Novice: 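Dropping the structure in here first, questions after.
This is a predicted model, so every value here is computed, not measured. In this chain, numbering begins with 1 at the start of the sequence shown.
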Amino acid sequence: MIESMPETPGELVLPAPAKLNRMLHILGRRADGYHELQTLFQFLDHGDELHLRLRDDGKIQLSPSLPSLPASDNLIVRAARLLQTETGCCLGADIHLTKRLPMGGGLGGGSSDAATTLLGLDRLWRLDLPLERLEALGLQLGADVPVFVRGHAAWAEGVGEKLTPVTLDTSWFVVVHPGVEVATGAVFGAAQLTRNTPPITMARALQGGAPSWHNDCEPTVRSLYPQVAEALDWLGSRAPAMLTGTGACLFARLDSPAEARQLMADLPGHWTAFTARGLNLSPLHAALGR
């Protein structure tokens, strides 16, 4: 569970929560190659954590390094440098990342880290930018960043950046990672991907509720990644289960922490998993008092 920590002068310790796509419909492919989506984003009380320490020399130093990702490509570094460029700020930061969310898992870990960097450095550098401007900067980094910047569960359209706040059930979830990293580009580029789901209204989606929600990416991910298919079959036999984003993580919705703990106890040892509560307000915004 994410817990906010007290800040000291020149330092902040902030959460970068996971998200779930409670549903995901793909309406079509745009001329620029991106896809038109309709989805419901919800936060979890579990995620990464960033420790930000002020520097006065303008340098951005991230630790630890991720072996598969050069620092210049890391969304944390890119977010910090973008904020410097857009504001002319001459300050810097040492940023330590405690990484809990798997890469390629569909939980929005990189996007959440970027959003926490933007909001955290805005506070640390005393920039006081409007949330709308931070959200626009986030969109330059990725389509999922704005929802983490906005900080509320949302109905999303476009490529995921057109957000309308919603209130979703705050169920308990078991989130399973089947041990593979899904390439989002491979899923969205697959010929068999469903791209013609008819659009629905937000009201209709919410009225149908969780039993009617589905993820259009799931059949394609099942066919490309047998490990995901195996985990979905196992989890789905025990509770309502679904893929989040393009995966690889999948989640089961449960009514109580006791049910979640029991499901975790039964989990095969070759998968990893965690339990979390669904949230409508991001723990990042709660920690910052926004």
Novice: Would you kindly say whether N280 and T167 are connected by a side-chain donor-acceptor distance under 3.5 Å?
Specialist: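 On atom types as modelled, these side chains do not qualify, holding no pair under 3.5 Å.
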Novice: Which residues pass the salt bridge (Lys or Arg N to Asp or Glu O under 4.0 Å) test with K162, sequence neighbours left out?
Specialist: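 For K162 there are no salt bridge (Lys or Arg N to Asp or Glu O under 4.0 Å) partners, ignoring immediate neighbours.
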Novice: W213 side chain to L40 main-chain N or O, any donor-acceptor pair under 3.5 Å?
Specialist: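 Side chain of W213 to backbone of L40: no pair is present.
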Novice: For L206 and L168: C-alpha separation, side-chain torsions, deciding distance, then whether side chain to side chain contact (heavy atoms under 4.5 Å, CB included) applies.
Specialist: CA-CA 8 Å; L206 294 174; L168 302 176; 3.8 Å; yes
Novice: What I'd like to find out is whether the side chain of Q192 reaches to under 4.5 Å of the side chain of S223, using heavy atoms alone.
Specialist: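 Yes, side chains in contact.
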Novice: Starting from F274, can I reach L20 by hopping between I/L/V/M/F/W/Y residues whose side chains sit under 4.5 Å apart?
Specialist: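 In one cluster with L20: F274, yes.
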Novice: So which pairs with a foot in residues 238-263 pass salt bridge (Lys or Arg N to Asp or Glu O under 4.0 Å), sequence neighbours left out?
Specialist: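 Qualifying pairs: D169-R253.
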Novice: Between L52 and L54, is there shared hydrophobic-cluster membership here, with clusters defined by ILVMFWY side-chain heavy atoms closer than 4.5 Å?
Specialist: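 They do share one cluster, since a chain of ILVMFWY contacts under 4.5 Å joins L52 to L54.
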Novice: Side chains of V221 and V187: does their closest heavy-atom pair fall under 4.5 Å?
Specialist: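 When only atoms from C-beta onward are counted, V187 and V221 do touch, with a gap below 4.5 Å.
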Novice: Answer yes or no: are there more than 12 heavy-atom neighbours, outside Q207 itself, under 6.0 Å from its atom CD?
Specialist: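 Open: at most 12 neighbouring heavy atoms sit under 6.0 Å from CD of Q207.
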Novice: According to a 4.5 Å side-chain heavy-atom criterion applied to Ile, Leu, Val, Met, Phe, Trp and Tyr, with indirect links allowed, do L263 and L267 form part of one hydrophobic cluster?
Specialist: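 Yes: a chain of side-chain contacts under 4.5 Å links L263 to L267.
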Novice: Any idea which heavy atoms bring F251 and V175 closest together, and the distance?
Specialist: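 Nearest heavy atoms, F251 then V175: CB-CG2, 4.2 Å.
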Novice: Output all residues satisfying salt bridge (Lys or Arg N to Asp or Glu O under 4.0 Å) with R53, sequence neighbours left out; order by chain, then residue number.
Specialist: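 With neighbours one apart ignored, the set is E11.
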Novice: What's in the same ILVMFWY side-chain cluster as L163, cut-off under 4.5 Å, chained through other members?
Specialist: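 Grouped by the 4.5 Å side-chain rule, F41, F43, V147, F148, L279 form the rest of the cluster around L163.
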Novice: Any side-chain hydrogen bond (donor to acceptor under 3.5 Å, both in side chains) pairs touching residues 125-147, not counting sequence neighbours?
Specialist: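 Output for this query lists E135-R150.
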Novice: Just grab all the salt bridge (Lys or Arg N to Asp or Glu O under 4.0 Å) pairs involving residues 224-233, residues at least two apart or on different chains.
Specialist: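 Salt bridge (Lys or Arg N to Asp or Glu O under 4.0 Å) check on residues 224-233 returns R222-D233.
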Novice: Spell out, as yes or no, whether a donor-acceptor pair under 3.5 Å connects the side chain of R100 to the backbone of G47.
Specialist: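 Such a contact is found between R100 side chain and G47 backbone.
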Novice: List in chain and number order the residues that pass side chain to side chain donor-acceptor pair (under 3.5 Å) with H35, two or more places apart in sequence or in another chain; answer none if no residue qualifies.
Specialist: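 Listed in chain order: R195.
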Novice: Using distance alone, with no hydrogens and no angle criterion, decide if D216 and H214 have a side-chain donor and acceptor under 3.5 Å apart.
Specialist: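 A pair is found: one side chain offers a donor N or O, the other an acceptor, under 3.5 Å apart.
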Novice: Considering non-hydrogen atoms only, spot the tightest contact between H177 and C249 and give its length.
Specialist: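 Closest pair (atom of H177, atom of C249, distance): CD2-SG, 3.5 Å.
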Novice: So, do L129 and L134 sit near enough that their side-chain heavy atoms are less than 4.5 Å apart?
Specialist: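 Side-chain contact under 4.5 Å: yes.
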Novice: Considering all heavy atoms of both residues, which atom of A79 and which atom of L118 are nearest to each other, and what is their separation?
Specialist: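 Of all heavy-atom pairs spanning A79 and L118, the closest is O-CD2, 3.6 Å.
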Novice: Looking at A80 and L121, what are the two nearest heavy atoms and their distance?
Specialist: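 A80 and L121 have their closest heavy atoms at CB-CD1, 3.6 Å.
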Novice: Is the ring centre of H152 less than 6.0 Å from the ring centre of H285?
Specialist: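 That pair fails the under 6.0 Å test.
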Novice: How long is the span from the CG atom in L62 to the NZ atom in K59, to the nearest 0.5 Å?
Specialist: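 So the CG of L62 and the NZ of K59 are separated by 15.0 Å.
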Novice: Mark yes or no for whether S112, through its side chain, and P17, through its backbone, hold a donor-acceptor pair below 3.5 Å.
Specialist: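 Yes; at least one donor-acceptor contact below 3.5 Å.
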Novice: Would you check if H51 and I95 make a side-chain contact, meaning some heavy-atom pair closer than 4.5 Å?
Specialist: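 Heavy-atom side-chain distance check fails, nothing below 4.5 Å.
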Novice: Drop me the distance from L37's CG to M23's CE, to the nearest 0.5 angstrom.
Specialist: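 That separation rounds to 9.5 Å.
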Novice: Say whether, by atom type as modelled, one donor and one acceptor occur between the side chain of Q38 and the main chain of I200 under 3.5 angstrom.
Specialist: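 Yes.
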Novice: A276 and H46: which non-hydrogen atoms are nearest, and at how many Å?
Specialist: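 So the minimum-distance heavy-atom pair works out to CB-CB, 4.0 Å.
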Novice: In Å, rounded to the nearest 0.5 Å, how long is the span from CG of L101 to CG of D48?
Specialist: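 Between atom CG of L101 and atom CG of D48 there are 4.0 Å.
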Novice: Take R22 and F173, measure what side chain to side chain contact (heavy atoms under 4.5 Å, CB included) needs, and give me the verdict at the end.
Specialist: CA-CA 11 Å; R22 297 290 303 274; F173 298 97; 3.6 Å; yes
Novice: Is the shortest heavy-atom distance from the side chain of T116 to the side chain of P15 under 4.5 Å?
Specialist: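 Sidechains of P15 and T116: no contact.
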Novice: Go through the steps to decide whether Q42 and K19 satisfy the test side chain to side chain contact (heavy atoms under 4.5 Å, CB included), and finish with yes or no.
Specialist: CA-CA 5 Å; Q42 187 171 31; K19 61 84 177 167; over 6 Å; no
Novice: Counting N and O atoms only, with roles assigned by atom type, does the side chain of S111 sit under 3.5 Å from a partner on the main chain of G108, one being a donor and the other an acceptor?
Specialist: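 Here the side-chain-to-backbone pair does not exist.
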Novice: What's in the same ILVMFWY side-chain cluster as Y34, cut-off under 4.5 Å, chained through other members?
Specialist: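 V159, all in the cluster of Y34.
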Novice: Indicate, with yes or no, if W271 and L235 share a hydrophobic cluster defined by side-chain heavy-atom contacts under 4.5 Å among Ile, Leu, Val, Met, Phe, Trp and Tyr.
Specialist: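 Per the 4.5 Å side-chain linkage, L235 and W271 are co-clustered.
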Novice: Are L139 and V145 side-chain neighbours, meaning at least one heavy-atom pair lies under 4.5 Å?
Specialist: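 No, side chains not in contact.
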Novice: First locate atom CD1 of I76, then atom CD1 of I60, and finally report the distance between them rounded to the nearest 0.5 Å.
Specialist: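 Going from CD1 on I76 over to CD1 on I60, the span is 11.0 Å.
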Novice: How long is the gap from SG on C217 to CG on L243, to the nearest 0.5 Å?
Specialist: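 Separation between the atoms: 7.0 Å.
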Novice: State, to 0.1 Å, how close A248 and V180 come at their nearest heavy-atom pair, and which atoms those are.
Specialist: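 Shortest heavy-atom separation between A248 and V180 comes out as CB-O, 3.2 Å.
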Novice: Sorted by first residue and then second, give each salt bridge (Lys or Arg N to Asp or Glu O under 4.0 Å) pair with at least one member in residues 280-290; sequence neighbours left out.
Specialist: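 Found D122-R290.
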Novice: Might you work through the side chain to side chain contact (heavy atoms under 4.5 Å, CB included) test for V149 and L131, ending with a clear yes or no?
Specialist: CA-CA 7 Å; V149 173; L131 200 61; 4.0 Å; yes
Novice: Which pairs, with at least one residue in residues 101-120 and sequence neighbours excluded, count as a salt bridge (Lys or Arg N to Asp or Glu O under 4.0 Å)?
Specialist: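 For residues 101-120, and leaving out neighbouring residues, the salt bridge (Lys or Arg N to Asp or Glu O under 4.0 Å) pairs sorted by first residue read K99-D113.
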Novice: Are M202 and T164 side-chain neighbours, meaning at least one heavy-atom pair lies under 4.5 Å?
Specialist: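 In contact.
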Novice: How long is the straight-line distance from CG of L12 back to CG of L50, given to the nearest 0.5 Å?
Specialist: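 Those atoms lie 10.5 Å apart.
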Novice: Determine, using the 4.5 Å side-chain heavy-atom cutoff (strictly less than), whether L44 and L281 are members of one ILVMFWY cluster.
Specialist: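 They do not share one cluster, since no chain of ILVMFWY contacts under 4.5 Å joins L44 to L281.
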Novice: Compare all side-chain heavy atoms of P240 with those of P211 and state whether any distance is below 4.5 angstrom.
Specialist: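 No; the side chains remain at least 4.5 Å from each other.
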Novice: Please name all residues satisfying side chain to side chain donor-acceptor pair (under 3.5 Å) with T39, sequence neighbours left out, ordered by chain then number.
Specialist: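 Testing T39 for side chain to side chain donor-acceptor pair (under 3.5 Å), a comparison that skips the adjacent residues, returns N21.
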Novice: List for me each residue that meets salt bridge (Lys or Arg N to Asp or Glu O under 4.0 Å) alongside E36, sequence neighbours excluded, and say none if there are none.
Specialist: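 Testing E36 for salt bridge (Lys or Arg N to Asp or Glu O under 4.0 Å), a comparison that skips the adjacent residues, returns R30.
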